[in-house]
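Here the structure comes first, spelled out in structure tokens, and everything after it is commentary.
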Protein chains: 2
Amino acid sequence: MKIDPKNKADLSAQIAKAIRDAIISGDMIVDERLPSESELADQFDVSRPTVREALKRLAAQNLIRTQRGATGGAFVRRLSYDEAYAQQITTSTLLLSMNAVDFETACEARFALERACAPLSAQRRTPDHLATMRAEIHRQAQPGLSDERFCDSDVAFHRALVDGANNPVLSYQLAGAVEAMQPLMNMITFTQRNRDVIIGLHTRIADALEMQNSADADEALAELTAYTLTLGEEAMEARARR
Amino acid sequence: MKIDPKNKADLSAQIAKAIRDAIISGDMIVDERLPSESELADQFDVSRPTVREALKRLAAQNLIRTQRGATGGAFVRRLSYDEAYAQQITTSTLLLSMNAVDFETACEARFALERACAPLSAQRRTPDHLATMRAEIHRQAQPGLSDERFCDSDVAFHRALVDGANNPVLSYQLAGAVEAMQPLMNMITFTQRNRDVIIGLHTRIADALEMQNSADADEALAELTAYTLTLGEEAMEARARR
DNA sequence: TGGGACTAAAATGTCAGACAATTAAACGCG
DNA sequence: CGCGTTTAATTGTCTGACATTTTAGTCCCA
């Protein structure tokens with residue numbers, strides 16, 4: 001890790017990469033303390049601010065945490081699921097918004113992934129998951145709910161579905177896909193009639209999962225996919241006309 | 001975005017957050033130039049090194065790029081699919097390695113996601129995708145191939161499967177799941193007999209996709225899942241005995 | 001001998017000013 | 001008009017310093 005060629009370009013990036021590689025390769029384990037900034041500066045033969053910039057890069061990726069004081073310093077950080085979620089959501093959201101991903105593509109991806117969870121969720125969902133789904137369905141039926149709140153509840157419902165598969169890796173992968181869709185979903189205006197259809201399908205999904213009937217769940221999800229796609233198309237047309 | 005309370009803690013983190021929020025919310029569009037470091041320092045009433053640390057954080061997340069020279073500066077960066085892939089793979093790999101995710105969980109997640117792609121891939125795969133799969137199958141059958149190369153080829157095969165769905169969002173989501181599995185897969189020793197079984201299933205999958213028979217593809221993937229899980233268990237037992 | 005307050009040290013966080021390197025635009029000259 | 005030169009703007013880096021935070025140790029006193 002102590003290597004650093006005489007490339008005069010982007011010193012701080014090179015240092016960050018060297019340290020990052022050491023962490024990823026497992027040379028540095030969780031909670032291990034990095035050398036102090038001054039020591040690193042000596043090792044890499046650069047100034048302290050340069051080292052600091054490198055450390056900030058790593059901190060931005062949640063790879064290290066810093067702590068002040070006598071026994072302080074930079075420590076290799078355990079990446080938690082929550083942080084990984086958050087990072088993935090940020091990345092996915094940006095990717096979708098910056099690359100003009102169309103509604104159809106994003107929607108298709110989202111529901112394809114959710115349908116992958118349904119069989120597992122039908123097997124393993126706990127009463128807790130079912131209760132969450134029922135609660136969100138109830139919330140979605142409340143009159144006067146704003147479109148945004150409706151979407152929030154929709155996300156929470158699907159999140160419960162995914163979590164029901166009891167596979168944290170799957171939950172992590174899907175968090176990005178589902179939440180990143182939100183800005184796109186928020187462009188849709190949900191009429192009462194739209195909501196009734198969606199609530200009906202949600203109820204069918206929850207029922208199917210409760211009965212551990214994965215075929216039914218899959219069918220309802222397929223219908224929900226198709227219906228959401230229709231709504232999206234309508235919303236796009238409405239936007240185009242405006 | 002110009003807000004910055006008198007919290008004396010973590011100035012650079014606050015500044016980074018302010019700018020990041022401006023980008024994510026869409027206040028700053030792609031390729032828009034940020035104020036120069038000196039101007040930002042004035043605006044936030046901090047020194048230039050502090051601003052620089054904040055900018056490095058953003059650069060680490062691929063949110064901005066910097067350019068030197070007269071018309072240089074920091075620009076909002078378009079996040080490309082490739083960069084998003086890379087970021088996701090890094091995050092996923094770290095998450096799996098740091099949180100001791102067991103083989104079973106990761107494997108289940110990976111194949112569940114792949115099975116979600118199979119129906120779409122059966123519909124849309126191009127001759128190119130099929131050719132890639134066939135080529136990788138051929139490579140896997142070569143005698144004397146190291147375990148690591150075999151895994152590489154396996155990843156390439158599945159990558160082609162996923163890309164066949166012709167949905168970049170799906171490809172992006174799955175890249176992390178599949179590639180992050182590699183360190184775990186690399187712990188397995190693939191005997192010739194193991195390889196033969198896997199190659200047989202790969203061939204079945206490729207055949208099914210060529211015939212646009214998604215049911216067959218799904219079945220073969222299910223068998224591959226089960227078989228990979230078995231191999232994983234054996235590898236874990238072998239490790240435990242050692 | 002024990003405990004509490006004080007001090008010192010180590011580390012990060014921040015600042016100020018300076019210089020180098022790079023790039024593009026402005027300028028001037030043939 | 002075109003091409004080379006200068007110049008200005010901007011990032012990249014360095015040096016040195018001070019502020020802040022936290023821990024460890026020391027010293028004094030009961």
Side-chain angles (χ1 to χ4, degrees), chain A residues 2-20 22-23 28 30-77, chain B residues 2-20 22-23 28 30-77:
Chain A
K2 315 288 190 258
I3 355 141
D4 205 15
K6 289 295 169 287
N7 272 349
K8 287 288 197 175
D10 265 336
L11 279 176
S12 73
Q14 285 177 43
I15 294 170
K17 184 174 185 324
I19 299 175
R20 178 166 45 242
I23 295 176
M28 308 203 66
V30 168
D31 285 337
E32 185 174 342
R33 183 178 174 282
L34 274 73
S36 75
E37 294 179 353
S38 316
E39 285 166 355
L40 285 173
D42 285 347
Q43 280 184 26
F44 288 112
D45 202 33
V46 297
S47 71
R48 224 189 105 208
T50 303
V51 169
R52 280 184 63 76
E53 288 183 2
L55 293 179
K56 291 306 166 194
R57 294 178 114 108
L58 300 176
Q61 296 180 309
N62 288 317
L63 285 176
I64 60 170
R65 68 187 153 79
T66 57
Q67 188 179 320
R68 280 163 69 155
T71 58
F75 298 83
V76 178
R77 180 170 185 172
Chain B
K2 316 287 189 257
I3 357 146
D4 204 15
K6 289 295 169 288
N7 272 350
K8 287 287 195 176
D10 265 337
L11 278 176
S12 74
Q14 286 177 42
I15 294 169
K17 185 175 186 321
I19 299 175
R20 178 164 48 242
I23 294 175
M28 308 203 67
V30 168
D31 285 337
E32 185 175 342
R33 184 178 173 283
L34 273 73
S36 75
E37 294 178 353
S38 316
E39 285 167 355
L40 285 173
D42 285 347
Q43 279 183 29
F44 288 112
D45 202 32
V46 297
S47 71
R48 222 189 107 206
T50 303
V51 169
R52 279 184 64 76
E53 287 184 3
L55 292 180
K56 290 307 165 194
R57 295 178 111 107
L58 300 175
Q61 298 180 310
N62 287 317
L63 284 175
I64 59 171
R65 67 187 153 80
T66 57
Q67 189 179 321
R68 279 163 67 153
T71 59
F75 298 83
V76 178
R77 179 167 187 174

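In what follows, chains are A, B, ... by sequence order, proteins preceding strands, each numbered from 1.
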- Item | Spacing between B/Leu55 atom CG and D/dG12 atom C1', to the nearest angstrom | 12 Å
- Query: Is a donor-acceptor pair below 3.5 Å formed from side chain B/Arg48 to base D/dG12, judging by atom type as modelled?
  - Reply: yes
- Item | Gap between atoms CG and P, on B/Leu40 and D/dG12 respectively (whole Å) | 13 Å
- Message: So if I take every side-chain heavy atom of A/Ser36 and compare against D/dT13, D/dT11, C/dT12, which nucleotide ends up nearest?
- Response: C/dT12
Can you list, pair by pair, the side-chain donor-acceptor contacts under 3.5 Å of residues 55-62 of chain A, counting residues two or more places apart and other chains?
residue	atom	partner	partner atom	Å
A/Arg57	NH1	A/Ser12	OG	3.0
A/Gln61	OE1	A/Arg20	NH1	2.6
A/Asn62	ND2	A/Gln87	OE1	3.3

- Message: Testing the basics here: between A/Ile15 and A/Ala54, what is the closest heavy-atom pair and its distance to 0.1 Å?
- Response: CG2-CB, 3.7 Å
- Query: Between A/Pro35 and A/Gln43, which heavy-atom pair has the shortest distance, and what is it?
  - Reply: CG-NE2, 3.9 Å
- Among C/dA24, C/dA16, C/dT14, find the nucleotide with the atom closest to the side chain of B/Thr50. C/dT14
- Query: Between A/Arg52 and A/Ala70, which has a closest nucleotide on DNA chain C that is more 5'?
  - Reply: A/Ala70
- Task: Assign B/Arg33 to base, sugar-phosphate, or nothing according to its heavy-atom contacts below 4.0 angstrom with the strands shown.
- Result: sugar-phosphate
- To the nearest Å, give me how far apart CG (A/Leu11) and P (D/dC14) are. 6 Å
- Between C/dG13 (P) and B/Phe44 (CZ): distance, integer Å: 19 Å
- Message: Could you tell me how far apart B/Glu37 (CD) and C/dT22 (C1') are, to the nearest whole angstrom?
- Response: 14 Å
- Task: May I have the distance from B/Gln67 (atom CD) to C/dT22 (atom P), rounded to whole angstrom?
- Result: 14 Å
- Please determine, for the side chain of A/Ser47, which listed nucleotide (D/dT15, C/dT23, C/dC15) has the closest atom? D/dT15
- Side-chain donor or acceptor of A/Arg68 under 3.5 Å from a matching atom on the base of D/dT20? yes
- Task: Mind calculating the distance between CZ (A/Phe75) and P (D/dT23) to the nearest angstrom?
- Result: 11 Å
- Message: To the nearest 0.5 Å, what is the distance between CZ on A/Phe75 and CE on A/Met28?
- Response: 10.5 Å
